[in-house]
Amino acid sequence: MKLSRRKIKFLQSISLFQVLFILCVVRAERPDARLLATSNSVKHVEEFCAMYDICGARSDRKVLNCPYNIPSVKPDDLLSSKVQSLCPTITGNVCCTEDQFDTLRTQVQQAIPFLVGCPACLRNFLNLFCELTCSPNQSLFINVTSVSKVSNNLTVDGIDYYITDTFGQGLYESCKDVKFGTMNTRALDFIGGGAQNFKDWFAFIGRRAAANLPGSPYTIKFWPSAPELSGMIPMNVSAYSCADGSLGCSCGDCTSSPVCSSTAPPPHKSSSCSVKMGSLNAKCVDFALAILYIILVSLFFGWGFFHRKRERSRSFRMKPLVNAMDGSELHSLSIVQGYMSNFYRKYGKWVARNPTLVLSLSMALVLLLCLGLIRFEVETRPEKLWVGPGSRAAEEKLFFDSHLAPFYRIEELILATIPDTTHGNLPSIVTESNIKLLFEIQKKIDGLRANYSGSMISLTDICMKPLGQDCATQSVLQYFKMDPKNFDDFGGVEHVKYCFQHYTSTESCMSAFKGPLDPSTALGGFSGNNYSEASAFVVTYPVNNAVDREGNETKKAVAWEKAFVQLAKDELLPMVQSKNLTLAFSSESSIEEELKRESTADAITIVISYLVMFAYISLTLGDTPHLSSFYISSKVLLGLSGVVLVMLSVLGSVGFFSAIGVKSTLIIMEVIPFLVLAALVRENLDSWLDI
């Protein structure tokens with residue numbers, strides 16, 4: 001059936017009317033209907049957003065923003081406080097919802113451990129993403145270039161980020177020398193793909209990440225200037241310099257930091273007190289102690305001078321003979337020595353007259369002090385043994401541990417080749433058989449379980465996981481994603497050698513924990529960059545540490561470390577030696593365990609030493625031995641008493657300090673008793689014999 005031209009126009013008008021009616025209804029239902037940032041009506045003005053809210057997510061759950069070009073929104077008090085805590089440069093309205101901000105915070109927190117050594121770098125890095133996500137003037141420097149449909153919603157698929165070279169250069173300069181302490185490598189090797197300038201870094205950041213890999217869910221292209229007549233202005237917030245002393249970058253993370261200069265003036269302390277006399281500038285405490293010392297010395301000599309003068313005036317009234325005798329005695333002894341001699345002479349006489357009372361009281365006091373041995377503990381932590389508790393190093397370590405985090409616990413294996421018998425050279429360890437052996441060792445490590453309070457602890461329960469759920473193990477096996485199935489698929493040994501030179505730029509060389517692996521941290525025995533000539537595999541397992549040494553986290557790690565060392569001794573060592581290689585291993589608690597072992601292993605030596613000392617004292621203090629009067633002339637009881645006296649003295653002092661919570665050290669039982677025997681007992685016993 002043919003329709004007339006008039007009827008066709010009528011039907012077209014009806015269809016157009018229906019479309020307009022539907023649009024009006026939709027607009028009436030959504031009075032805040034948003035304009036897409038990719039439409040012709042995009043506004044690039046202040047207080048306008050280029051993206052707002054979350055409209056979808058990728059298959060790996062990375063969220064995607066909505067391409068809504070709308071006015072910036074006033075946040076509620078909670079969101080405002082959150083934004084201020086992370087992004088202090090953003091005030092007033094924002095272009096992000098609370099969900100967007102929470103996503104931002106979660107993502108940047110992964111980078112904080114890498115950049116925390118330099119607050120200036122961290123601040124610049126946060127500003128880069130804070131402005132991208134929440135700035136109220138987002139539309140001035142962000143332009144959505146492509147969108148994609150996810151679950152029937154349009155989502156951002158690509159943007160242009162206009163940012164000045166000044167900020168980019170400042171960001172890179174503040175971060176280029178920052179070290180990731182755990183691996184002792186540049187932080188940019190992990191979060192910047194080994195970038196050598198800010199353009200390389202921006203290219204790495206803007207790359208659209210593949211599924212389940214860290215990075216941006218959409219493409220970001222960085223441009224130094226905006227198109228003409230677009231009304232856009234490149235983002236140019238102030239970039240902090242790492243040389244800014246107020247931000248406290250360490251010397252190792254910023255070579256231009258003030259703390260790196262030996263000529264830098266010390267920080268001024270307004271609360272310090274000092275006394276200046278000419279060119280001499282002394283602290284008030286030192287000055288007061290000096291004055292007090294001078295006063296005490298003056299009083300002592302004044303009292304001595306007055307006492308001697310009075311004695312002389314008294315001696316003139318005595319007989320000449322007595323005067324001469326007393327004068328010679330007074331001149332032969334000093335004032336202090338005379339009083340001390342007089343006191344101890346009287347004390348010795350009293351002890352000799354009351355032996356039972358003295359021995360009873362002494363034994364009672366020693367036994368009372370020995371009750372403190374119930375709380376006896378041996379200090380085996382190296383940092384407590386070798387660093388004073390009140391030293392500056394101890395205070396700075398405590399501050400670092402409590403405000404940042406204690407350094408990671410390190411577990412390590414070193415596999416090395418044996419020198420060639422002909423030329424004495426160390427052959428390369430980078431061979432197919434050795435790498436497969438390393439996979440076998442890693443399989444045993446992964447399967448290791450340690451019992452702690454009824455629960456089984458594995459390496460994955462305690463290891464450091466900086467960028468996901470995989471341990472940051474430093475091993476050449478990372479070039480195969482720690483999976484032996486990838487060895488042949490990736491190209492075997494040739495792939496390893498390729499990754500030695502391209503570990504930061506090639507996706508297949510990235511580790512299982514999503515970061516590049518510097519071959520210098522996983523190999524040993526090479527010169528320069530000749531990694532293929534390495535004679536040792538160095539496998540390092542960074543394990544999470546905790547400030548509380550007695551907490552569950554630390555005890556779990558210690559339990560696993562003990563099982564790790566036992567596994568290395570019982571299984572790994574024979575396995576490696578059968579391949580004509582050597583194996584060395586250590587754990588974080590190895591030194592501590594060795595100190596504990598030494599404390600019990602030397603017990604027999606100490607007992608023998610005491611017996612030898614007892615025999616020495618008995619023979620040297622006695623007269624020429626005669627068979628008929630051996631027990632009298634040898635003075636066995638006297639020697640035994642001397643040894644017992646020293647033992648009781650040491651036990652009493654150890655018990656006292658144990659009672660007040662002071663831990664003991666091995667030097668107490670190994671050194672101090674013999675010093676006491678040599679310096680104290682001998683002199684006292686000689687004096688006793690003279691009496």
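No hydrogens, no waters, no symmetry mates; every other heavy atom, side chains included, goes into these values.
A heavy-atom distance below 4.5 Å is found between the side chains of I441 and V576. At least one side-chain heavy atom of L132 sits less than 4.5 Å from a side-chain heavy atom of I159. Between C121 and L115, some side-chain heavy-atom pair lies under the 4.5 Å cut-off. In this structure the side chain of V558 reaches within 4.5 angstrom of the side chain of R409, judged on heavy atoms. By the 4.5 Å heavy-atom criterion applied to side chains, L79 and F101 are counted as neighbours. With a 4.5 Å cut-off on side-chain heavy atoms, S511 and K481 do not count as touching. Between R207 and T219, the closest side-chain pair of non-hydrogen atoms is not below 4.5 Å. Side-chain contact between P427 and N425: absent, with no pair of heavy atoms (C-beta onward) separated by less than 4.5 Å.
If you check the side chains of E533 and S428, you find no donor sitting under 3.5 Å from an acceptor. Side-chain atoms of S535 and T417 include no donor-acceptor pair closer than 3.5 Å. Between the side chains of S475 and T473, no donor-acceptor pair of N or O atoms lies under 3.5 Å. A donor-acceptor contact closer than 3.5 angstrom is absent between the side chains of D165 and Q169. In this structure, a donor-acceptor pair under 3.5 Å is present between the side chains of N124 and S174. No side-chain N or O of Q100 forms a donor-acceptor pair with one of D53 less than 3.5 Å apart. At a cut-off of 3.5 Å, with distance as the only test, no side-chain donor of T103 or T106 sits close to an acceptor on the other residue.
Across D518, N530, V538, V476, a single residue satisfies side-chain contact (heavy atoms from CB on, under 4.5 Å) together with L523, and that is V476.
For F222 and F202, the gap between ring centers is short of 6.0 Å.
Judged by distance alone, the side chain of E412 and the main-chain N or O of I410 form no donor-acceptor pair under 3.5 Å. With hydrogens and angles ignored, the 3.5 Å screen pairs a side-chain donor or acceptor of R186 with a backbone N or O of K176. Remark: side-chain polar atoms of Q474 are not paired, donor with acceptor, to backbone N or O of T521 under 3.5 angstrom. Formation of a donor-acceptor pair under 3.5 Å by the D253 side chain with backbone atoms of K179 is found in this model.
Remark: I418 CD1 is packed, more than 12 non-hydrogen atoms of other residues, nucleotides or ligands lying under 6.0 Å away. In N152, the CG atom is not crowded: 12 or fewer heavy atoms of neighbouring residues, nucleotides or ligands sit closer than 6.0 Å. E396 CD: more than 12 foreign heavy atoms inside a 6.0 Å radius. Within a 6.0 Å sphere centred on CZ of F585, heavy atoms belonging to other residues, nucleotides or ligands number more than 12. With a 6.0 Å radius and a threshold of 12 heavy atoms from other residues, nucleotides or ligands, K199 has its NZ atom at or below the threshold.
Between the CD1 atom in I457 and the OG atom in S455 there is a gap of 4.0 Å [rounded to 0.5 Å]. In this structure, the separation between OG on S453 and NZ on K556 is 9.0 Å, given to the nearest 0.5 Å. The distance from the NZ atom of K149 to the OG1 atom of T155 is 10.5 Å, given to the nearest 0.5 Å. With values rounded to the nearest 0.5 angstrom, L477 atom CG is found 4.0 Å from L438 atom CG. Going from atom CG of L128 over to atom CE of M235 covers 5.5 Å, rounded to the nearest 0.5 Å. C471 SG to M464 CE: the interatomic distance, rounded to the nearest 0.5 Å, is 9.0 Å.
Here the closest non-hydrogen pair linking S520 and Y531 is N-CE2, 4.0 Å. When all heavy atoms are compared, the tightest approach of F129 to L104 is CB-CD1, 3.8 Å. Heavy-atom minimum distance, P406 versus A546: CG-C, 3.6 Å. Here the closest non-hydrogen pair linking V150 and G56 is CG1-CA, 4.4 Å. Residues I54 and C66 approach most closely at C-SG, 3.4 Å, considering heavy atoms. Shown here for I429 and A536, the closest heavy-atom pair between the two residues is CG2-N, 3.6 Å.
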Let's go through V430 and N434 carefully: what are the C-alpha distance in whole Å and the side-chain angles of both, what is the deciding distance for side-chain contact (heavy atoms from CB on, under 4.5 Å) to 0.1 Å, and is it a yes or a no? CA-CA 7 Å; V430 186; N434 290 336; over 6 Å; no
Does the pair Y52 and N65 meet the rule for a side-chain contact (heavy atoms from CB on, under 4.5 Å), with working shown? CA-CA 6 Å; Y52 185 80; N65 295 333; over 6 Å; no
V543/E588 under side-chain contact (heavy atoms from CB on, under 4.5 Å): CA gap, chis, key distance, verdict: CA-CA 9 Å; V543 171; E588 185 72 17; over 6 Å; no
Kindly determine whether L437 and M575 satisfy side-chain contact (heavy atoms from CB on, under 4.5 Å), including the steps that lead there. CA-CA 9 Å; L437 172 64; M575 182 190 304; 3.8 Å; yes
Check the pair D102 / K82 against salt bridge (charged side-chain N to carboxylate O under 4.0 Å, His left out), numbers first and verdict last. CA-CA 9 Å; D102 291 341; K82 284 184 176 181; 3.6 Å; yes
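Between C249 and C242, a gap of 2.5 Å or greater is found separating the two SG atoms. If you check the gamma sulfurs of C175 and C118, they are not less than 2.5 Å from each other. Across the pair C87 and C130, the gap between the SG atoms, which is the quantity tested here, stays under 2.5 Å. With 2.5 angstrom as the limit on SG-SG distance, C96 and C134 come in below it.
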Side-chain donor-acceptor pairs under 3.5 Å in residues 482-497, sequence neighbours left out?
unit_1	atom_1	unit_2	atom_2	d
D483	OD1	K485	N	3.0
N486	ND2	F480	O	3.0
H495	NE2	Y479	O	2.9

Show me the donor-acceptor pairs, under 3.5 Å and distance only, between side chains in residues 444-452 and residues at least two apart or in other chains.
unit_1	atom_1	unit_2	atom_2	d
K444	NZ	E571	OE1	3.1
D446	OD1	Q442	NE2	2.9
R449	NH1	D446	O	2.9
N451	OD1	G454	N	3.1
Y452	OH	N552	OD1	2.8

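Sequence neighbours left out, the pairs with a member in residues 542-570 that pass ring-ring contact (aromatic ring centres under 6.0 Å, His included) are W560-F564.
Using a cut-off of 4.0 Å between Lys/Arg side-chain N and Asp/Glu carboxylate O, K465 and D470 are scored as not salt-bridged.
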